[in-house]
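All of these numbers come straight from a predicted model, not from anything done at the bench.
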Amino acid sequence: MKHPSLLFYALFLSFTLTLQAQNPYADIKADIRKAGGVFNLYDFNTPSPAVAPKGFRPFYISHYGRHGSRMSSHNDTFEKMNEMLTEAYQNQHLTERGRLFFEMYKPLYEKFRLRGGDLTLQGQQEHNHLAHRMFNCYPAVFKGKSCQVKALSSNSIRSIMSMYAFLEGLRECRKDIACQSSASLADMNVANPFTVNNPDVGTTDAGFLNPHAAWADQLDAFRNRVRQPHRLLRRLFTTEEGLEKYGTPFDIELMFYEICESIQATGGKQVPWDIFDEEGLLRMWEWNNLKYYLSKGPAGHSKGRQWAFSWRTLEDVLTKADIAIKGGPVVADLRFGHDILIMSMMTLLDIEGWNQAVPDDSVKYVWKEYRVPLASNIQWIFYRNRMGDVLVRMMLNERDQFLPIASETAPYYRWEDFKAFALKRIQVARHIISTTHSPAKKKRPSVTRSSLG
């Protein structure tokens, strides 16, 4: 029998080695675009999907897509950056690296100003391309004489434009597709169930980086411990004199980070991530990653309330799939919204890699928000054989996902099994909401908000 302390050490070592093997820092160094987190660009080099079991053909698609590439949320970021750099340049307070950044930013400012949160041309092209891929991967779904598609979107302009870019792509593949689209408050409980439009959501639940959130102080403490904004400021400015009027060092560091994200989202081939030193950039990403984990992932602080609201979207998937299975005319139900729903859905469905509660310093090993890039999507593809048996497979960004459901044909699952599992998860989510409370109102210093999906 092994000595308990040796057994504990062996388990601990195994866990540590597993985490090290999943170290995201190596991923970011290999592909610097991932440093942008949720502003990572969609990877269209997807692997070949698992072959469907013999005799099964696709007949229906259920989908949730995040909007495509877009600008950073805040117009203030572009204005402050221009004013700050212009003043520093005139006062000769820029280093050589800072001056080069300013010269690069000057022509971009005119293109960026007043476009906070806007979908970019690259974002439109991403969804157009994804529509073509869906049509070409599953031609059997779209072959019927009557081909009807329904789409809904959150009421954000970038999501609406993404929806229409996708529908345009489908019409380019088949001109007579009948597309019905909607973008209304009536759709928000499905497209973005985290707003106060949802009766489950209290006023102190709503909002990304909610100042009342139970985890807000926790995130600030982590920021103060790991981020080192002066490393960036020293690389760009000869003095920090006068910078305080543009925000704290943390605020200014975040501004530079979001400018780099925006350049990446507009298709910029020379994204100036090198204004950060390697350690500073990795720590910036780690803080941003923790923010999404705490606000929409499996962290235990709110007992699941932060992700449970997504049950309404999952219920919509089940309801509309049942209609299609019974012979309904719609061959594809499309939904367009935000990254936070995709993250929450993966947690709701208890999928490995999205369901582990760990200490803050270990989050980066088990949760990586760059896996939800711009234009990311979840697709449920439904298959049927001549006997009427129905299978479903779930994909994240066109990559098969393995669910905690027994199946001899995984990643293809019997519809009855998937539905039973999903209904249980919905019950779990609804129980969480009914037995927890919105966070109490709490006065805190104003928090600089990063970009919402």
Side-chain angles (χ1 to χ4, degrees), residues 38 60-67 127 149-156 158-160 162-163 166 180-201 205-208 292 295-298 304-325 330 332-351 354-355 369 371-372 375-382 392-397 401 403 413 415 418-434 452-453:
V38 293
Y60 170 69
I61 298 172
S62 189
H63 159 280
Y64 186 97
R66 182 193 180 195
H67 58 75
H127 276 282
V149 171
K150 281 190 175 182
L152 61 84
S153 169
S154 79
N155 59 5
S156 80
R158 56 182 175 269
S159 296
I160 296 170
S162 295
M163 173 175 69
F166 197 102
Q180 179 180 328
S181 57
S182 175
S184 165
L185 282 178
D187 301 319
M188 286 295 281
N189 288 348
V190 172
N192 185 3
F194 301 101
T195 72
V196 290
N197 187 66
N198 182 347
D200 293 339
V201 176
D205 282 313
F208 188 63
Y292 281 91
S295 63
K296 291 295 174 280
R305 191 174 178 88
Q306 67 272 19
W307 52 262
F309 300 118
S310 59
W311 74 264
R312 290 181 180 271
T313 308
L314 182 57
E315 183 181 63
D316 187 69
V317 170
L318 301 183
T319 300
K320 290 176 178 174
D322 271 335
I323 295 172
I325 290 168
V330 176
D333 280 297
L334 312 174
R335 306 161 188 85
F336 296 86
H338 305 274
D339 53 13
I340 54 177
L341 187 283
I342 292 177
M343 294 177 187
S344 298
M345 181 65 68
M346 299 298 285
T347 303
L348 171 64
L349 288 174
D350 199 25
I351 294 175
W354 300 91
N355 60 356
E369 30 78 281
R371 294 178 298 174
V372 184
S376 55
N377 53 84
I378 296 176
Q379 296 180 28
W380 292 269
I381 314 297
F382 290 75
V392 61
R393 63 193 274 235
M394 177 180 167
M395 295 187 294
L396 174 64
N397 301 329
Q401 301 298 297
L403 303 164
Y413 301 90
W415 167 240
F418 175 83
K419 183 178 178 182
F421 168 73
L423 287 172
K424 286 182 180 178
R425 294 301 296 169
I426 288 173
Q427 290 175 359
V428 169
R430 297 188 71 173
H431 178 74
I432 288 171
I433 293 168
S434 68
L452 165 66

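Put simply, the side chain of I432 reaches to within 4.5 Å of the side chain of V428, judged on heavy atoms. Contact of the K150 side chain with the K320 side chain is not registered, since no non-hydrogen atoms from C-beta on lie closer than 4.5 Å. With contacts defined as side-chain heavy-atom distances shorter than 4.5 Å, the pair D333/Y64 does not qualify. Taking 4.5 Å as the limit, some side-chain heavy atom of I342 sits within range of a side-chain heavy atom of L396. Here the side chains of L349 and Q401 are not in contact, with every heavy-atom distance at 4.5 Å or above.
There is no side-chain donor-acceptor pair under 3.5 Å between S310 and T313. One side chain, S62 or R335, offers a donor N or O that lies under 3.5 Å from an acceptor on the other.
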Residue pair N377, F166: steps toward the side chain to side chain contact (heavy atoms under 4.5 Å, CB included) verdict: CA-CA 12 Å; N377 53 84; F166 197 102; over 6 Å; no
Go through the steps to decide whether F194 and H338 satisfy the test ring-ring contact (aromatic ring centres under 6.0 Å, His included), and finish with yes or no. CA-CA 10 Å; F194 301 101; H338 305 274; 9.7 Å; no
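Shortest non-hydrogen contact noted between S154 and A191 is N-CB, 3.3 Å. The two residues R371 and N397 come nearest to each other via the heavy atoms O-ND2, 3.0 Å.
In summary, the aromatic rings of F336 and H127 are positioned with their centroids under 6.0 Å apart.
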